[in-house]
Amino acid sequence: QLQLVESGGGLVQPGGSLRLSCAASGYALDYYVIGWFRQAPGKEREGVSCISSKGSTNYADSVKGRFTISRDNAKNTVYLQMNGLKPEDTAIYYCAAKKWINSLNVALFGSWGQGTQVTVSS
């Protein structure tokens, strides 16, 4: 069974940067699409970015130009580099996996991690 564990969250000032990691165990990530999602208090979970097994990427409009997703299949890990953070980026960030085609649709993903808190505040 594929298991995912997120790390790298924390408290950062507006304009700052964080790099989140999504480490997999149980199966190799090579053939999976990995997505990053976030959920702020009182809001629905939303897609942030995803990366296919071949490295194709999608981003939500709200993070384009600020966030970069990448993967290191040798380390079985996917990263989300977040630059230019804004208070509205504050949320719990989750990674999840699916097969085949890139998507930011929450309902299509399974094997969710437990999440990591990102707080952007001065």
Side-chain angles (χ1 to χ4, degrees):
Q1 182 177 351
L2 178 65
Q3 293 183 319
L4 302 175
V5 177
E6 303 93 338
S7 62
L11 173 64
V12 63
Q13 292 186 343
S17 299
L18 285 173
R19 188 177 80 157
L20 305 184
S21 298
C22 173
S25 62
Y27 283 95
L29 281 183
D30 303 50
Y31 302 105
Y32 286 90
V33 172
I34 302 298
W36 281 99
F37 301 84
R38 64 187 182 187
Q39 188 166 18
K43 294 188 176 181
E44 293 187 353
R45 193 169 298 188
E46 63 176 0
V48 174
S49 182
C50 60
I51 186 166
S52 73
S53 60
K54 296 185 177 181
S56 297
T57 59
N58 287 7
Y59 295 94
D61 287 344
S62 59
V63 306
K64 281 181 182 176
R66 300 189 297 123
F67 290 11
T68 303
I69 191 170
S70 61
R71 65 192 298 157
D72 185 339
N73 287 342
K75 294 184 177 180
N76 229 25
T77 301
V78 171
Y79 304 98
L80 185 68
Q81 178 67 44
M82 306 187 296
N83 299 329
L85 283 162
K86 304 175 181 180
E88 52 263 43
D89 294 317
T90 295
I92 300 174
Y93 283 70
Y94 301 88
C95 63
K98 69 182 294 292
K99 292 289 187 69
W100 312 125
I101 299 173
N102 266 355
S103 173
L104 293 179
N105 185 334
V106 173
L108 298 180
F109 282 78
S111 301
W112 291 83
Q114 84 290 347
T116 185
Q117 176 71 48
V118 172
T119 303
V120 185
S121 175
S122 55

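In what follows, residues are counted from 1 in the order of the sequence shown.
Side chain of Ser49 to main chain of Asn58: a donor-acceptor pair is present (N/O by atom type, distance under 3.5 Å, no hydrogens or angles). When atom types are taken as modelled, the side chain of Glu6 and the backbone of Gln114 share a donor-acceptor pair closer than 3.5 angstrom.
Ile101 contributes atom CD1, which lies 10.5 Å from atom OG of Ser52 (distance to the nearest 0.5 angstrom). Met82 contributes atom CE, which lies 9.5 Å from atom CZ of Arg66 (distance to the nearest 0.5 angstrom). Separating the OG1 atom in Thr57 from the CG atom in Asn102 is a distance of 7.5 Å, to the nearest 0.5 Å. Note that CD1 of Ile69 and SG of Cys95 are 9.0 Å apart. Values are rounded to the nearest 0.5 Å. In this structure, OG1 on Thr116 lies 9.0 Å from CD1 on Ile92, to the nearest 0.5 angstrom. Interatomic distance, Leu4 CG to Asn76 CG, rounded to the nearest 0.5 Å: 9.0 Å.
Taking the charged nitrogens against the carboxylate oxygens, Asp61 and Lys64 do have a contact shorter than 4.0 Å, which makes a salt bridge.
Sorted by first then second residue, the ring pair (Phe, Tyr, Trp, His ring centres under 6.0 Å) pairs that include residues 15-56, not counting sequence neighbours, are Phe37-Phe109, Phe37-Trp112. Contacts classified as ring pair (Phe, Tyr, Trp, His ring centres under 6.0 Å) and involving residues 52-101 (residues at least two apart or in different chains) are not found.
Lys99 pairs by the salt bridge (charged side-chain N to carboxylate O under 4.0 Å, His left out) definition with nothing, not counting sequence neighbours. Applying the side-chain contact (heavy atoms from CB on, under 4.5 Å) criterion to Ala23, with sequence neighbours excluded, gives Thr77. Under the side-chain contact (heavy atoms from CB on, under 4.5 Å) criterion, Ser121 pairs with Leu11, Thr119, sequence neighbours left out.
A donor-acceptor contact closer than 3.5 angstrom is absent between the side chains of Asp30 and Ser53.
Here the closest non-hydrogen pair linking Arg71 and Asn73 is NE-OD1, 3.0 Å.
At a threshold of 4.5 Å between non-hydrogen side-chain atoms, the residues Val118 and Leu20 count as touching. Contact of the Ser62 side chain with the Arg38 side chain is registered, since non-hydrogen atoms from C-beta on lie closer than 4.5 Å. Looking at heavy atoms from C-beta onward, Ser103 lies out of side-chain contact with Cys50 at the 4.5 angstrom threshold. Taking the side chain as every heavy atom from C-beta outward, Val120 and Glu88 never approach each other to under 4.5 Å. The shortest distance between side-chain heavy atoms of Val106 and Gln39 does not fall below 4.5 Å.
By the 6.0 Å contact criterion, CD on Glu44 is open, its count of non-hydrogen atoms from other residues, nucleotides or ligands being 12 or less.
Cys22 pairs in a side chain to side chain contact (heavy atoms under 4.5 Å, CB included) with only one of the listed residues (Val5, Ile34, Leu29), which is Ile34.
Taking a 4.5 Å side-chain heavy-atom cut-off between Ile, Leu, Val, Met, Phe, Trp and Tyr, the cluster of Leu104 contains only that residue.
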